[in-house]
Amino acid sequence: MNAFGLAPLLLIFPAIGVLFNTFAGPRLIRAERKTGEMYAGWFASLMAILAFLVAVMLYFSLRAHDYHAETVRLFDWIVVPSAGFTIPWAIQVDTLSVTMMLVVTGVGSLIHIYAIGYMHGDPGFHRFFAYLNLFLFFMLILVSGSTYLMLFVGWEGVGLCSYLLIGFWFDRVNEQGKVMNADAGRKAFVVNRVGDFAMVLAMILLFWAFGSLDFGAVFGSAVDLFAHGEMVTLFGMEMTVGAVLTAVTILFLLGAAGKSAQIPFYVWLPDAMAGPTPVSALIHAATMVTAGVYLMVRSNVLLEIARQSTLDGVAGASLLGLSGPDWIALTGAATAVLAGLIAFTQFDIKKVLAYSTISQLGFMVAAAGMGAYVAAMFHLITHAFFKALLFLGSGSVIHGMEHGHHHVHEHDHEHDAHHKAEKFDPQDMRTMGGLRHKMPITFAVYMVGTLALAGIFPFAGFWSKDEILAHASTNHGSIFTAVYILLTVAAFCTAFYMGRQIKMIFFGSPRHEAAEQASESAPIMTYPLIILAALSLLGGLLNFPFFTESAYKAAKAAHSFGINLGLEHWLEHSITAFALTEEGIVHMPHTPTWMQVDVALISTILALAALALAVGVVYRKRPQTATERDPLQGTPIWWFAILPFEWFYMHTVVPAFKWSARWLAEVLDGAFWHDFVHDNIIRDLFVGFAKFSANVLDANGVDGLVNGSGRLTHAVGAVLRKTQTGYARNYALGVFLGTVILLAYFIFAS
Amino acid sequence: MEFQVPAINLALLSPVLIVMVTGALIMLLEFFIPETRKGWYTWLSLVGIVLAFAQTATMWGSEAGTFTPVGGQPMVLLDNYATFLNLIFLITGALTILLAISYLRRTGLDRAEFYMLLLFSLSGMMLMGMANDLILVFLALEILSIPLYIMAGLAWPRGESEESAMKYFLLGAFSSGIFVFGIALTYGATGSTALPQVLTGIANGGALGLAGAAFLLVGLGFKVAAAPFHMWTPDVYEGAPTIVTAFMSVGAKVGGFAAMLRIFLAALPEIGDTWVTAVAVLSALTLIIGNVVAITQSNIKRMLAYSSIAHAGYIMIAVAASANSERGLSAALFYMFAYLFTTLGAFAIVMAREHQLGEGLQLNDYKGLARRHPLLALVMAYFMLSLTGVPPTGGFSGKFYLFRAAIEASSAGPDLLWLVLIGVVTSVISGYYYLRLVYLMYMTDGDGTLVEERHPAVVTAVAVTVAFTLLLGFMPGTWFDVTRQAVLWGGRLLAGG
C-alpha cells in the first residue's frame with residue numbers, strides 16, 4: 001500500500017473546512033440556529049477526522065515502505081532560475097512528521113467534537129470552527145513542510161490563529177472596562193514577535209551557511225562540512241560549522257521559547273487562557289506550543305553537531321562555555337521548576353493548567369536539549385493526551401459551574417439584585433468543591449489526567465516523564481546532573497499542584513451556590529473526554545521501556561514481523577544519532593530505552609508523597625469558604641505568585657523592542673532619511689533640476705518642438721482631409737493618378 | 001482542341017465548400033421558412049463556420065495542390081499559409097455573426113441575406129489565400145467583393161448606406177478592372193497566369209511584366225485600403241451598417257493581403273527590389289495619411305476607418321520586409337491575427353454605443369462612459385492601447401515583430417530603416433487620437449444613455465477578443481511560432497518562393 005499521493009489532502013481538508021465555515025457557516029446558522037450549528041460544527045469536525053484518516057494512511061504507507069521518508073512535491077514555490085535555486089512546496093512524510101500529524105489531527109478531531117457542545121449558542125460559532133480548521137491547516141503545514149521556510153509559514157500561521165482565538169471574545173470587557181481578551185491576544189502576538197525574529201535570523205544564517213533551507217540539504221551539507229572540518233564564510237569571516245550551528249541553536253532556543261512558552265517569554269501563555277477552553281486544550285496545550293519541541297527534534301542533526309563542536313573545543317562553538325543544546329536543556333529544566341512553583345499560587349482552574357503546560361513543555365525542551373529526542377517526542381504525545389484531557393475536563397467543570405450559576409439565578413428571583421451585584425467567576429477554584437458527586441464522569445476522567453500528569457504508575461505520564469529523567473540520570477556531566485535535579489523538583493511540584501487542584505475542585509463541600517447546583521455536561525463533551533482518558537491511561541505503551549535484555553530481543557524479533565509498539569523504533573528513522581570519531585562521522589547504533597528502576601522509584605515515591613502532602617496535609621481541611629486565604633499564602637512559596645518576570649518582560653524587553661522599532665521608524669527613517677535626506681537633499685536638488693528643465697528647457701525647447709509638431713500634424717491633417725471630397729470621381733482620379741505614378745516607377749526605376 | 005479535365009481533389013476545398021453550401025442553403029431555405037421565424041439562419045451559419053473551422057484545423061500541417069491542368073501547375077494550393085489564413089477568416093466570420101445577432105435585431109436589419117452574403121464573401125476570402133493562379137485570385141477577389149458591395153447597402157432606405165454601397169461598387173469595379181489589366185499584361189509577358197510559371201518568366205518579361213506587377217499592386221492595394229487608393233474607405237465605412245464595417249475592415253483587408261503576399265512572394269521575387277521599394281513608399285504614405293487624418297476625425301467610425309488605413313500601412317511594412325527576411329511573412333500573419341481581435345473588439349464596443357443606426361457615433365458621445373459603464377470603458381481603453389501598440393497587448397507584439405523583420409530585411413535588401421522610423425513616429429501620432437477616446441471616457445463628464453448590451457453572444461465575442469489580445473500581449477512567442485510554421489512549405493518560405 002502506498003498512499004503518499006494522498007498527502008496533499010492533509011492540507012486540503014482543513015482548507016475546505018475553513019472555506020465552508022467562512023462562507024456557508026453564517027448562512028446556515030442564521031437560517032436555523034440548531035441545525036445550522038450541527039452542520040457547521042460537524043463539517044469542521046469531519047474535515048479534522050478526514051485529515052486524521054489521511055495521517056493514518058500515511059502511517060501505514062510508511063510502514064509498508066520500510067519507514068523510508070518520502071517527499072511529496074506539490075509545486076515550486078520560489079524559483080530563481082539564474083541562481084539555480086528552488087524552494088518547493090513539498091510535504092515531508094517521515095516518521096517524525098507523521099507522528100506529529102497523528103497527534104495534531106487525532107487530538108484535534110476530539111477537540112473539534114467537544115467544541116460542538118462547548119460552543120453551543122455562541123454567536124461566533126461558525127467563526128470559531130473556521131479558525132479551528134485554519135489552525136489545523138497551518139499546524140499541518142508546520143509539521144509536514146520539508147523546508148524551514150514552510151515550517152516558518154506554519155509557525156506564523158498558527159501564531160495568527162492563536163491570536164485570533166485568544167481574542168475570540170474580543171468584545172468582552174472586564175470591570176475596569178478593559179478588553180481583556182483582545183489584550184491577551186495582542187500580548188501573545190507581541191511576545192511571539194521577538195521569538196519569531198530569532199527564527200528569521202536562524203533561517204538567514206542557515207541559508208547563508210548551507211545555501212538551502214531544505215531539511216535534507218541543510219542536514220546533509222552540515223554533516224558533510226562538519227565531518228571534513230571545513231569552514232563557512234559568513235559576513236566575510238571564516239567560521240566553523242560548529243560556531244554557526246551554536247548560534248543557530250541559540251536562536252532556535254529563542255524562537256522555541258516564544259512559541260513553546262519558555263523562560264523568558266512564557267508570560268503570554270497564562271493570559272492566553274482567555275480564549276475558549278477547547279482552544280486552550282488544542283492550541284495552548286496539545287499542539288501549537290509543542291512546535292518549539294518539534295523544531296528542536298526536527299533539527300536534531302544541527303543540535304548534535306553544535307554539541308559535538310563544544311565537546312571538541314571548536315573555536316567559537318559555545319556561549320559562556322556551554323553549548324547550544326546545553327542552554328536549551330538548562331532553559332527547559334529551569335522553566336519546568338519555575339512554572340511548577342508558580343502553579344502553586346494560582347486560583348484560576350485554567351491558569352494552574354497553563355503553568356503546568358509551561359512546566360511540562362520545559363520537560364520536553366530539556367529532553368531535546370539533552371539529546372533525548374525520542375523521550376521528548378514521547379512526552380509530547382502523552383502530554384497532548386492528558387493535558388488535552390485536563391483542559392477539556394476543566395472546560396466541563398466551568399460549563400457545569402456556569403450552568404449551576406444560571407440555575408441559581410432562575411430559581412432565586414427574590415435574590416436577583418444580590419446575584420447581579422455579586423461577581424461570579426466560574427473558573428475560580430475557591431468557589432468550587434465537592435463536584436465529584438455532581439459531575440462523576442468529569443471527576444473520573446480528571447483523576448486519570450491528574451495521575452497521568454503527576455507521573456503515577458501506570459499512567460502515560462509516568463513512562464514518558466521517567467524516560468526523560470532516566471536520560472538525565474544515566475548521562476554523565478554537570479549539566480545532566482543539574483537538569484536531573486531540577487526536573488525531579490519539577491516533578492514533585494507537578495504532583496503537588498495537581499493534588500491541590502483536585503482537592504479544591506472535587507473534594508470537600510461546595511463553597512458556592514453555583515457549585516451546589518452544578519451538573520454534568522452533555523455526552524458530546526464527555527465522550528471525547530473518555531477517549532482521551534483511555535489514551536492517557538494506555539499512552540505509555542507507545543514507548544514501553546525494556547526491563548531486560550531478553551525483552552528487548554523479543555521486541556526486536558517482533559519488530560521484524562511488523563509489530564511495532566515502540567515509538568523509538570518508529571522515530572529512529574527520522575532521528576539519527578552520530579558521533580565524530582577519528583574515522584569521521586559514525587552513525588551510532590540506536591540504543592533501546594531501558595527501564596531505570598531506581599529513577600522510576602524515586603520519582604514515583606516523590607510524586608505520591610507530593611500528592612499525599614497536598615491532599616492529605618496542606619489542603620486537608622482547607623479551604624472551607626470561597627474567601628479563605630490559601631494555606632501557603634504568606635510562605636516563601638507565594639513569592640512566585642508575584643514573580644517580577646512578567647513585569648520585567650513587559651517593562652524592559654517589550655519597551656526596548658518597541659523603542660528600537662520606533663527609533664528606526666521615526667528617527668532614523670522618518671526624521672533623518674525622510675525629512676533630512678529626502679526633503680532637503682534629494683528633493684530640493686530634484687525640484688531645482690525639475691524646475692530648470694520644466695521652465696527653461698522644456699517650455700522653450702521640448703514643448704516648443706512638441707507643440708509645434710502637434711500643430712503641424714493637425715494642419716497637415718486638415719489639408720489632407722480636404723482631399724476627401726466625398727465625390728467618387730475624385731477618388732477614382734486618385735486611384736488613377738496613383739496607378740500612373742506606380743506604373744512609371746515600375747517601368748523606369750528598374 | 002480537346003478539353004482535358006484537370007485533376008480535382010475536392011477534399012482540399014472542403015472548408016470553402018462547407019461555407020459556400022451553408023450560404024446556399026440559407027438562400028434556399030429562406031423561401032420555405034416563413035419570414036416571421038427569425039434566428040434560424042444565424043445558428044445555421046454558425047454551425048457551417050464551426051464545421052469549416054474544424055475541417056480546416058485538421059488540415060494544419062498538410063501541403064497539397066489541386067485543380068491541376070495536364071502538364072500545368074495546381075490552381076489551388078493548401079499549405080499552412082492558406083490554412084492559417086482560413087482560420088483567421090473563419091474566426092472573423094464567427095465573431096461577426098456573434099456580434100451581429102443583437103445588432104441586426106436592434107437596427108431592424110435582421111434578414112437572412114446578411115448571413116448568406118457574409119458566408120459567400122467569406123468563401124471568397126478563403127480562396128484568396130489558396131489561389132495559385134492569377135485567374136483564380138481574380139475570381140476569389142470578386143467572390144469576396146460583390147457580397148460586400150451589397151452588404152454595405154443593407155440598410156438601403158438610408159441614404160448613407162446606399163451611398164456607401166454605390167461608392168464601394170464603383171471604385172471596386174474600377175480597381176478590379178485595373179487588376180484584370182494587370183493579369184493580362186502578366187500573361188502577355190510570361191505566357192501563363194499560374195504563379196510558378198510567372199515566377200520563371202517574369203525576369204524575361206521586360207516592361208510588360210513590370211507594368212503587370214504595378215497593376216496587380218494597385219488592384220490589391222485598393223482592397224487593403226493603401227494610400228493613395230484608400231479614399232473610398234472612410235465614406236464606405238461610415239455609411240455601411242457598423243457590423244458590415246467591422247467585417248470589411250478585417251476580412252477584406254486580410255483577404256487582400258493574403259493574395260498580395262502570395263503573388264509577390266511566390267511569383268515576383270525576381271523583381272523583388274523594384275516592388276519592395278514601391279510597397280515601402282506606399283506603406284509610408286499610408287501610415288502618414290491614415291494616422292494624421294485620423295486626428296481630425298470626430299466620428300468614431302471614420303476614425304476607425306483611418307485607423308484601419310494606418311494598420312494597412314503597418315502590414316505593408318511587413319510585406320516589404322518579407323522579400324528579404326524570413327520573419328517578414330510571419331510578422332505580417334501575426335499582425336493580422338492580432339489586428340483581427342483588437343479591431344473586432346473595438347467595433348463591438350462601438351456597436352454597443354450605437355443605439356440606432358448612425359446615432360451615438362461621435363467621439364463626444366463617449367464622454368464620461370467610464371463612470372456609467374466602467375467595464376465597457378475599460379475594455380475599450382484596452383483595445384485602444386492595443387491599436388496604439390502599448391504593451392502588454394497583441395498590437396504591441398505585432399508591431400514589435402514587424403519592425404524587427406523590417407530591420408532584419410534591411411541588411412539583405414533595400415533599406416527599410418527609414419520606414420521603421422516612420423512607423424514608430426506615426427505610432428506616436430496614433431496615440432493622440434486613440435488615447436483621446438480614453439481621455440473622453442475617463443476624464444470628462446457626459447450624459448446620454450447606452451443600450452444595455454448584455455446579449456450572451458456579444459459578451460462571448462468581446463470576451464474572446466479581450467482574451468486573445470491579452471494572450472498575444474503576454475505570450476506572443478507561442479503564437480509567433482505558429483505563424484512561423486504557417487509560412488513554410490517543405491522547409492522553404494511559401495511554395496515557389
Side-chain angles (χ1 to χ4, degrees), chain A residues 75-84 86 89 690 693-694 696-750, chain B residues 163 166-171 173-175 177-178 181-182 185 206-215 217-219 221-222 226-236 238 271 273-275 277-279 281-282 285 288-297 302 306 425-426 428-429 432-433:
Chain A
F75 55 88
D76 284 337
W77 182 19
I78 300 172
V79 183
V80 185
S82 56
T86 305
W89 192 273
S693 333
V696 183
L697 276 184
D698 201 56
N700 301 333
V702 182
D703 257 18
L705 202 67
V706 171
N707 289 341
S709 59
R711 274 195 287 277
L712 183 73
T713 312
H714 239 277
V716 170
V719 171
L720 284 175
R721 202 181 164 185
K722 295 228 170 77
T723 63
Q724 200 74 27
T725 55
Y727 294 113
R729 56 175 186 269
N730 291 358
Y731 299 172
L733 185 67
V735 173
F736 178 72
L737 287 178
T739 311
V740 169
I741 294 169
L742 260 190
L743 195 62
Y745 165 77
F746 264 78
I747 292 175
F748 296 113
S750 46
Chain B
E163 181 194 333
M166 202 58 200
K167 276 185 183 163
Y168 195 22
F169 171 67
L170 278 178
L171 293 163
F174 186 46
S175 69
I178 296 174
F181 202 33
L185 289 176
L208 209 54
L210 290 169
F215 285 154
L217 181 57
V218 172
F222 175 85
F229 321 112
H230 68 281
M231 287 169 164
W232 58 276
T233 319
D235 292 10
V236 173
E238 190 191 357
I271 54 166
D273 287 1
T274 309
W275 66 255
T277 313
V279 168
V281 171
L282 287 188
L285 202 59
I288 293 169
I289 289 181
N291 282 315
V292 170
V293 182
I295 289 179
T296 61
Q297 302 302 318
R302 277 187 93 84
Y306 279 104
V425 170
T426 51
V428 175
I429 293 175
Y432 177 79
Y433 59 89

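These numbers come from a predicted model, not from an experiment. Reminder, nothing fancy here: chain letters follow the sequence lines and each chain counts from 1.
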If you count every heavy atom of other residues, nucleotides or ligands that lies below 6.0 Å from Phe174(B) atom CZ, does the total exceed 12?
yes
Most heavy-atom pairs under 4.5 Å with chain B, out of Ala732(A), Ala744(A), Ala718(A), belong to Ala732(A)
Any non-hydrogen side-chain atom of Phe222(B) less than 4.5 Å from a side-chain atom of Ile178(B)?
no
Does any heavy atom of chain A fall under 4.5 Å from the side chain of Ser175(B), the backbone, both, or neither of them?
neither
Contact between Val236(B) and Glu163(B) at the side-chain level, heavy atoms closer than 4.5 Å - yes or no?
no
Side chains of Met231(B) and Val735(A): does their closest heavy-atom pair fall under 4.5 Å?
no
Tell me, for Phe229(B) versus chain A, whether the close heavy atoms (under 4.5 Å) come from the side chain, the backbone, both or neither.
both
Which bit of Leu285(B) comes within less than 4.5 Å of chain A, counting heavy atoms only: side chain, backbone, both or neither?
neither
Portion of Asp273(B) that has a non-hydrogen atom of chain A nearer than 4.5 angstrom
backbone
With a 4.5 angstrom heavy-atom cut-off, could you sort out which part of Ile289(B) is near chain A: side chain, backbone, both or neither?
both
Taking all non-hydrogen atoms of both residues, which atom of Ala278(B) and which atom of Phe746(A) are closest, and how far apart?
CB-CE1, 3.6 Å
